[in-house]
*Asks:* 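Please find one structure pasted underneath; my questions will follow.
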There are 2 protein chains.
Amino acid sequence: MAAKALDGIRVIDFSRVFAGPAAAQILGDMGADVIKVEAPNVGDEARYYGTDKEGLARCGGVGPSFLAFNRNKRSITLDLRSQAGRDTAFRLLEQADVTLHNFRPGTMERFGLGYDRVRAENPGIVYGQLSSFGVEGPMRDIGANDLSLQAHSGMMSITGDPDRPPVRVGSASIDLHAGLALATAILGALFHRQRSGEGQFVESSLLRSASDLMGYFYTEYWTLGIERGRAGTANHLSVPNQAFPTKDGSVVVISPGDDMWKRCAEALDKDSLGGPEYATMFDRRQRRDELIAKITAVTQEMTSKELIERLSAAKVNVANVNTISQASADPQLPAIGGVYDFSYRTVQARAVAAPFAMQGTPLDLRRSPPELGAHNREILAEFGFSESEIDRLAQIGAHGPDPKAQ
Amino acid sequence: MAAKALDGIRVIDFSRVFAGPAAAQILGDMGADVIKVEAPNVGDEARYYGTDKEGLARCGGVGPSFLAFNRNKRSITLDLRSQAGRDTAFRLLEQADVTLHNFRPGTMERFGLGYDRVRAENPGIVYGQLSSFGVEGPMRDIGANDLSLQAHSGMMSITGDPDRPPVRVGSASIDLHAGLALATAILGALFHRQRSGEGQFVESSLLRSASDLMGYFYTEYWTLGIERGRAGTANHLSVPNQAFPTKDGSVVVISPGDDMWKRCAEALDKDSLGGPEYATMFDRRQRRDELIAKITAVTQEMTSKELIERLSAAKVNVANVNTISQASADPQLPAIGGVYDFSYRTVQARAVAAPFAMQGTPLDLRRSPPELGAHNREILAEFGFSESEIDRLAQIGAHGPDPKAQ
C-alpha cells in the first residue's frame, strides 16, 4: 500500500452536518485516523437530513448526505453534558494531533475542552473551529447556515433573473467551501508543526467562506463603486458567456477571448457573427443585447447535440445544461478516480471523491461511513483505556445515560 | 514579526485568471515567496477582465478581480514560446519548492516544463496542475470555465425558480473552490515532503471541484434515485429554510431543528404556527406549502428590521437578503481581520483576506499585486543569474521579443 500524506495523524472530529464533516473526511481521505465524536442515541444530525422515513428505510437508516461526507471515519458516542463524557473527550484530545468542531463560540470552553485547556496538556495540537461569523467581533454569537450567508454575503442578490427576486444557489457551496478552507488551515498548521514543533488554533467560518467566494465583487464595489445584480445565466465579465436555447434543451457557450470568439463566430454563422463590430472583448460587451439575439437565432435552430459537436470541433468552450441524473452519469468523473463505491449496512452507495488528487500519496476509501458509536470500545482501548475503565465509563454515562443503548 | 507557516517556501506560479492565482495567493498569504510568471506585454488575462476602458483607467490599468487575487506575489515576464524563456523557467523550477499552472494538459510538457522533466532535476518539487476535466480520461482535452461546469455538473439545474429555466450561480464558486482544493493538495504534499523528502504531482480540476460541491445530490440520485430540481430560495432539506417577503425587502428564515422551529413559531405567531401539526421536521416538510403561506402572511406585515430583531432575539437563524453594497459594508468582516487595504499604482484598493485564519502563524498582506514584470531582474538575481546573464536573457527574448518593452 502506498504511503498516505497523513499516515499516523490522529484527528478528533466533534463537528456535525456538512462543513466540518467534509473537512474531516478530506483529512481521512489523505490517510488520517479520524475519530468522529457523536452525541449518544442521535449522533450527527446529518444522519437524518434531507430525506423522509421511506428514504431513511431505503438508505440504511441515514440520509444520502451523511453517506457523502463521512467515509474514512470511526464513530464514538460521548455525552459531553456528562463529566465522564467530557473527561473521556479530554483524554482523547491529549493524545491527538488535530481536532475540529463547529459548536457555537464558547461551547467547547464551557465543556472544559477549549483550546487553552487542551494545549496546556498537548501543546502540539492543531485545534480547528468552524463558526458562522467568526470567533470574535460583534456578530460572533449569531447562528447561521449556508442560506444565511448566501443572503448576508450578497450571493443571492446576484443569482437569478433580473426581473425576479433573488434565488438561492442550489448546493451548499458556502458550507463546503468553509470545510475545505478549514482543512487547508489544518494542513498548513501541520506543516508548521512539523518544522517548529508548535501547534496552534486555526479557524474558518461561513462568513470567511462566503466573503472569499464573493470577494471580487466586493473589491469591484470598494474600488470602482460598481454594484452587480442578477443576469440570468449571463455575467458581466464577457460575451458570450451564458446559456442559449436549442431545439431540445439549452447549452452554455463561452468565448471570453477574441481568438476563441473568432472560431465560435465562424462555427456558428460567419455572416451574422463574424463582423469587425464584434471582434474585441470590449465590442462584444458593448453590443451585448444585439449579439445575444443573433447567437440565439442560430442556436435555436439546432439540437443541443449538434451545437455541442460543432463548437467542440472548433475548440470553443461549450457544455450541456445537465440535470442531476445526466451529470451524475458523466463518464469522466469515474475515469479520473473521482467516485467511490461502498456499502452501508445492506445498502450499496456511491460518493464523490475529494476535490483534488495526489499522485505520490493517493487518496482512497478505506472505511465506509460508520454506524453510530460502532467503535466505542475499540477507540478507547487504542487510547490506553483499560477494559475495566471502559466498562466503568459506560456505566457512569460517558456514552449517554443508558449504557445498554450503546 | 511572527513566523509564517510557509516561510522560506518558493512557489513558481504559471497560472492565470481566477482559480490558480487564488490558490497561489493563499500560499503567499501563508508566507510563501510566490513568483508569478506572466506572458510578455499582456500578462495574466485577468488584468483586464470584467471592466471597460474607463474602469481600467480608474483602477490603475487593471480590473478589480486582478486586485482581488494577486497580492503577496512578485511578477516576472517570461516568453515560454522562446527557448530563452523556457530555459529560464526551468532554472527557476530547479530551485523551487512548489509550482502550479493551469495550461491545458500537454502544454507544459511541450514547453519542456512537465513534471517528469522537472522532477528529474528537482525530485522534491510539489508540482500542481489545475485543469478543466482532469489530466486523463476521455474529456481531458475539452476546455471549460466556471459556467461550463455549472452547466455540466447540474448545479444550474437546481438553481432558479421552478417555473423558469435554470440560472447561473452569480459568483465563480466552482473556480474558487478548485483553487482552494489545489492549495489543500499542495499543503498536504508539503507536509508529506517534510516527513519523507519526497515531492509529488498533485492536481485539481473544475470537474472535481463542481463534483465536490454537487456530490451529496449525486449520492442521493445514485442511492435513492431522487433527482432534485429548482426551488427558488427553498431547498429540500428542511422547512422553513428560504427567503420570505417583508414590507421593505426580503429576509431568510431558517429553522431546521424542532427546537429552533418552536422558538421561531412563538416569535412570529403562536396561534397560526405553533400547532402540533408542524412540530417535527418531517411534519414541516410534508406540509411545506401551507406552512410557507402562513409564515409569509406574518412576515409581509413586518419590516425586515423588525423581523430580524424579533427572530434574532429568539435565537432563530435569520439574515437580510443583502445587495453587494450592503454586504461589502458588513462590519463583522473587518472586525475579524477579513479585509486588507492596499494601494496599486495610485489607486486605493481593498480585498477580502484568505478564507481561514491561523493564530500561531498569522496570514497577512506583505505586497500589493505586482505590476507586470516588475521584478524581472530582482528575481533572476535571487535565483543565481549573474548581471551579464540577465542582460543577455533580455536581449535574446526571454522576456519577449522586444527587450526595451520590459
Side-chain angles (χ1 to χ4, degrees), chain A residues 5 50 64-65 68 134 137 139 143 148 151-152 154 157-159 168-171 173 181 184-185 187-188 191-192 194 200-202 204 208 211-213 215-216 218-223 227 233 237 252 317 319 321-325 327-328 332 335-336 349-352 355-356 358-360, chain B residues 5 50 64-65 68 134 137 139 143 148 151-152 154 157-159 168-171 173 181 184-185 187-188 191-192 194 200-202 204 208 211-213 215-216 218-223 227 233 237 252 317 319 321-325 327-328 332 335-336 349-352 355-356 358-360:
Chain A
S65 61
M139 295 177 72
S148 309
H152 182 81
S157 78
I158 58 168
T159 301
R168 78 187 285 274
V169 173
S171 79
S173 49
T184 310
L187 289 164
F191 179 70
H192 178 68
Q194 197 65 28
Q200 64 177 298
F201 178 86
V202 300
S204 185
R208 279 191 183 268
S211 301
D212 187 58
L213 296 173
Y216 63 106
Y218 299 170
T219 292
E220 184 176 35
Y221 182 76
W222 286 327
T223 308
E227 174 153 41
T233 65
L237 294 172
V252 297
N317 288 357
V321 178
N322 282 330
T323 60
I324 299 290
S325 56
S328 61
Q332 177 70 4
I336 60 172
R350 181 178 289 180
V352 171
F356 56 86
M358 304 177 71
Q359 286 193 352
Chain B
S65 61
M139 294 177 74
S148 309
H152 182 81
S157 78
I158 58 169
T159 300
R168 78 188 284 275
V169 174
S171 78
S173 50
T184 310
L187 289 164
F191 179 71
H192 179 69
Q194 198 64 27
Q200 63 177 299
F201 178 85
V202 300
S204 185
R208 277 192 183 269
S211 302
D212 186 57
L213 297 173
Y216 64 106
Y218 300 170
T219 291
E220 185 176 34
Y221 182 76
W222 286 326
T223 308
E227 174 154 42
T233 65
L237 293 173
V252 296
N317 288 358
V321 178
N322 282 329
T323 60
I324 299 290
S325 55
S328 60
Q332 177 70 5
I336 59 172
R350 181 178 288 178
V352 171
F356 56 85
M358 303 176 71
Q359 287 193 351

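Residue numbering restarts at 1 for every chain, and letters A, B, ... go by the order of the sequence lines.
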*Asks:* Can any side-chain N or O of B:Thr233 pair as donor or acceptor with the backbone N or O of A:Arg168 at less than 3.5 Å?
*Replies:* no

*Asks:* Top residue by heavy-atom pair count (under 4.5 Å) with chain A, among B:Ala327, B:Ser157, B:Ser328?
*Replies:* B:Ser328

*Asks:* Which pair of non-hydrogen atoms, one from B:Thr219 and one from A:Arg350, has the smallest distance, and what is that distance?
*Replies:* OG1-O, 2.8 Å

*Asks:* Could you pull out the closest heavy-atom pair between A:Val352 and B:Asp212, with the gap in Å?
*Replies:* CG1-N, 4.0 Å

*Asks:* Looking at A:Pro64, is its backbone amide N or carbonyl O close enough to the side chain of B:Glu220 to form a donor-acceptor pair, meaning the two atoms are under 3.5 Å apart?
*Replies:* no

*Asks:* Do the side chain of B:Asn322 and the main chain of A:Gly154 share a donor and acceptor less than 3.5 angstrom apart?
*Replies:* no

*Asks:* I'd like to know if the side chain of B:Gln332 and the backbone of A:Met139 have a donor-acceptor N/O pair within less than 3.5 Å.
*Replies:* yes

*Asks:* Roughly how far, to the nearest 0.5 Å, is the OH atom of B:Tyr216 from the OG atom of A:Ser65?
*Replies:* 8.0 Å

*Asks:* Taking every heavy-atom pair that is under 4.5 Å apart, which of B:Gly143, B:Ser171, B:Ala5 has the most such pairs with chain A?
*Replies:* B:Ser171

*Asks:* Of the listed residues (A:Gly134, A:Ala351, A:Ala349), which shares the most heavy-atom pairs with chain B below a 4.5 Å separation?
*Replies:* A:Ala351

*Asks:* I'd like to know if the side chain of A:Ser204 and the backbone of B:Pro355 have a donor-acceptor N/O pair within less than 3.5 Å.
*Replies:* yes

*Asks:* State, to 0.1 Å, how close B:Phe356 and A:Ala181 come at their nearest heavy-atom pair, and which atoms those are.
*Replies:* CD2-O, 3.6 Å

*Asks:* Take B:Tyr221 and A:Thr323, measure what side chain to side chain contact (heavy atoms under 4.5 Å, CB included) needs, and give me the verdict at the end.
*Replies:* CA-CA 11 Å; B:Tyr221 182 76; A:Thr323 60; over 6 Å; no

*Asks:* Given the options B:Ser325, B:Gly188, B:Ser148, B:Gly215, which has more heavy-atom pairs under 4.5 Å with chain A than any of the others?
*Replies:* B:Ser325

*Asks:* Quick one: CE on A:Met358 to OG1 on B:Thr184, what's the gap to the nearest 0.5 Å?
*Replies:* 10.0 Å

